[in-house]
Amino acid sequence: MKRFIPILLLLVTSHIDIQAQELNCQVTINIDQVQDQVDEEMFNTLQQSVTEYMNDRKWSNAQISIAERINCAIYITIKSIEDSRYVGDIQIQASRPVYNTSYTTTTFNFKDSEFSFTYQEYEPLVYNDNMFENNLTCVLNFYAYLILGIDFDTFSPRGGDVFFRKAETFAIMGQSSQEAGWQTFGSSRNRSAIISSFTEERLAPYREMMYKYHRLGLDQMSMSPDKGRKVITQALQTLKEVYSTNSMSVLLPIFSDSKLDELVNLYSEAPQQEREDVYKLLSGIYPTEGQRLQQLRKGKTD
């Protein structure tokens, strides 16, 4: 896994030979909720176009082998159609391998409910980082760079900076389009809120936590489960900082949707006191997740 080599060697701005595209993205488009009769073949065409758009493009100059491509998935649910206008939601998931194991860990899991776009069958999806082409490609570009930023953050402290800046440029383009999901003062969970959270300096501890959690914690557990878990326990303290800084930050639900189930498994064989400490920390931040978090206290053998 070459991303364990200092990630500074992989900066987007470096001039190095290209080996492979960065993303290995599975795309699914669901039309079951559409009331009217639809042309299923058109959506098959769209699904293939989105798949090729995400996977066939080099999103940076980072040197990544085929085996190192970032596994991710896009689930688009279409709920209504009017002429060539489609309204629904889009869910993005991404994961990365854990060093020296067959385990993969979720790094991002987010459902974006403010998603709409126009599309004509066989219309090419064109990448343009200088102007707004259409909302479909703008959203895809935004999440592609967000996935890259989050992934690189888990291998190097603030390694995703350059990708978050790229995502931010598309958020700004989206804001000028008046399309839903980009408004600066809209929902606390829209795309503008997401990129603000990853670029805002006062919330930078969250990104530092993601590095410690993955690179210094999970990646060390094959050699020493106790030491790796201890680092994760310490890293989780940072969530309290994020909660204190902004209890409504979108980073908190992003973390819970990506990590709470994993944490239950990670601590299943931890000492009782360690499990109690993590339960107390997380239940204070996620009071509505009591049922899931109770599993932390039970452990594997209870």
Side-chain angles (χ1 to χ4, degrees), residues 12 20-31 42-62 64 69-79 81 84-95 107-152 160 162-183 189-196 198-199 250 254:
V12 170
Q21 291 81 0
E22 300 89 343
L23 303 181
N24 178 32
C25 187
Q26 304 296 316
V27 179
T28 302
I29 298 181
N30 186 296
I31 56 174
M42 190 277 290
F43 286 100
N44 291 334
T45 301
L46 175 59
Q47 181 171 294
Q48 183 62 32
S49 294
V50 174
T51 301
E52 293 173 355
Y53 187 84
M54 297 298 288
N55 291 332
D56 294 350
R57 187 175 191 285
K58 273 293 293 179
W59 296 93
S60 72
N61 291 330
I64 293 177
R69 296 179 77 178
I70 301 168
N71 290 322
C72 55
I74 293 176
Y75 303 94
I76 297 174
T77 301
I78 305 297
K79 298 181 178 179
I81 305 172
S84 59
R85 182 76 174 176
Y86 303 90
V87 179
D89 57 52
I90 179 170
Q91 182 161 356
I92 314 293
Q93 296 177 346
S95 62
T107 55
F108 185 60
N109 182 16
F110 182 77
K111 186 175 182 179
D112 183 338
S113 299
E114 296 184 85
F115 182 55
S116 59
F117 60 95
T118 57
Y119 175 76
Q120 300 282 354
E121 188 171 13
Y122 303 116
E123 177 184 348
L125 302 184
V126 179
Y127 177 87
N128 190 331
D129 59 5
N130 294 314
M131 62 178 293
F132 182 89
E133 286 282 340
N134 60 58
N135 203 47
L136 176 57
T137 54
C138 193
V139 170
L140 293 176
N141 297 340
F142 174 83
Y143 282 116
Y145 284 115
L146 192 70
I147 289 169
L148 283 161
I150 293 170
D151 188 83
F152 273 63
V162 67
F163 299 110
F164 291 131
R165 287 197 296 270
K166 288 293 291 185
E168 188 174 34
T169 64
F170 286 102
I172 293 170
M173 290 183 197
Q175 291 162 16
S176 67
S177 73
Q178 305 302 311
E179 292 276 5
W182 298 111
Q183 300 90 342
R189 294 192 60 170
N190 68 9
R191 293 181 285 278
S192 288
I194 292 174
I195 196 57
S196 293
F198 279 103
T199 55
V250 69
I254 285 176

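Below, each value reflects all heavy atoms present in this structure, side chains not excepted, and no hydrogens, waters or symmetry copies.
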> How close do F110 and I194 get, heavy atom to heavy atom, and via which atoms?
Replying inline: CE2-CD1, 3.4 Å

> Just by distance, with hydrogens left out, do Q91 and N109 show a side-chain donor and acceptor under 3.5 Å apart?
Replying inline: yes

> Looking at L146, L140, V139, which hits side-chain contact (heavy atoms from CB on, under 4.5 Å) with F142?
Replying inline: L146

> Are Y86 and N135 linked by a side-chain donor-acceptor pair shorter than 3.5 Å?
Replying inline: no

> So, for Q21 and R57, which heavy atoms are closest and what is the spacing to 0.1 Å?
Replying inline: CG-O, 3.3 Å

> Hey, does the side chain of R191 reach the backbone of E114 with a donor-acceptor pair shorter than 3.5 angstrom?
Replying inline: yes

> To the nearest 0.5 Å, how far apart are CD in Q120 and OG1 in T45?
Replying inline: 12.5 Å

> Is a side-chain donor or acceptor of S113 paired with a backbone partner of D89 at a separation under 3.5 angstrom?
Replying inline: no

>> Would you compute the distance between atom CG of L125 and atom OG1 of T51 and round it to the nearest 0.5 angstrom?
In response: 10.5 Å

> Does a donor on one side chain and an acceptor on the other come within less than 3.5 Å for T199 and R165?
Replying inline: no

>> As a quick check of understanding, evaluate side chain to side chain contact (heavy atoms under 4.5 Å, CB included) for T137 and Y127, giving each step before the final call.
In response: CA-CA 7 Å; T137 54; Y127 177 87; over 6 Å; no

> Distance-only, no hydrogens or angles: does the Q26 side chain make a donor-acceptor pair with backbone N or O of N24 under 3.5 Å?
Replying inline: no

>> Do C72 and Y143 have side chains that approach each other closer than 4.5 Å (heavy atoms only, starting at C-beta)?
In response: no

>> Could you report the tightest heavy-atom contact between F170 and C138, atom names first, then the distance?
In response: O-SG, 3.3 Å

>> So does A94 get a backbone contact from the side chain of T107, meaning a donor-acceptor N/O pair under 3.5 Å?
In response: yes

> Just how far is it from atom OG1 of T169 to atom CG of N141, taken to the nearest 0.5 Å?
Replying inline: 8.5 Å

>> Do I92 and I147 make a side-chain contact, defined as non-hydrogen atoms from C-beta onward lying under 4.5 Å apart?
In response: yes

> Around atom NZ of K79, are there more than 12 heavy atoms of other residues, nucleotides or ligands at under 6.0 Å?
Replying inline: yes

>> Using the rule side-chain contact (heavy atoms from CB on, under 4.5 Å), only one of Y145, F198, W59 pairs with F163; which is it?
In response: Y145

> Got I195 and F164 here, is their nearest side-chain heavy-atom distance under 4.5 Å?
Replying inline: yes

> Can you check whether F117 reaches L46 side chain to side chain, under 4.5 Å on heavy atoms?
Replying inline: yes

> Is any NZ, NE, NH1 or NH2 atom of the basic residue among K58 and E22 found under 4.0 Å from an Asp or Glu carboxylate oxygen of the other?
Replying inline: yes

> Could you give the distance from OG (S95) to CD1 (I150), rounded to the nearest 0.5 Å?
Replying inline: 12.0 Å

> Are S116 and E179 close enough that some pair of their side-chain heavy atoms sits under 4.5 Å apart?
Replying inline: yes

>> Given D112, which partner from the list I76, N190, I90 fulfils the side-chain contact (heavy atoms from CB on, under 4.5 Å) test?
In response: I90

> So, does S196 use its side chain to make a donor-acceptor pair with the main chain of A193 at under 3.5 Å?
Replying inline: no

>> For a quick test of reading the model, state the closest non-hydrogen atom pair linking M173 to D129 and the distance between them.
In response: CE-O, 3.0 Å

> Does a side chain donor of either E133 or N128 reach within less than 3.5 Å of an acceptor in the other side chain?
Replying inline: yes

>> So N30 and Y75, do their side chains get closer than 4.5 Å, heavy atoms only?
In response: no

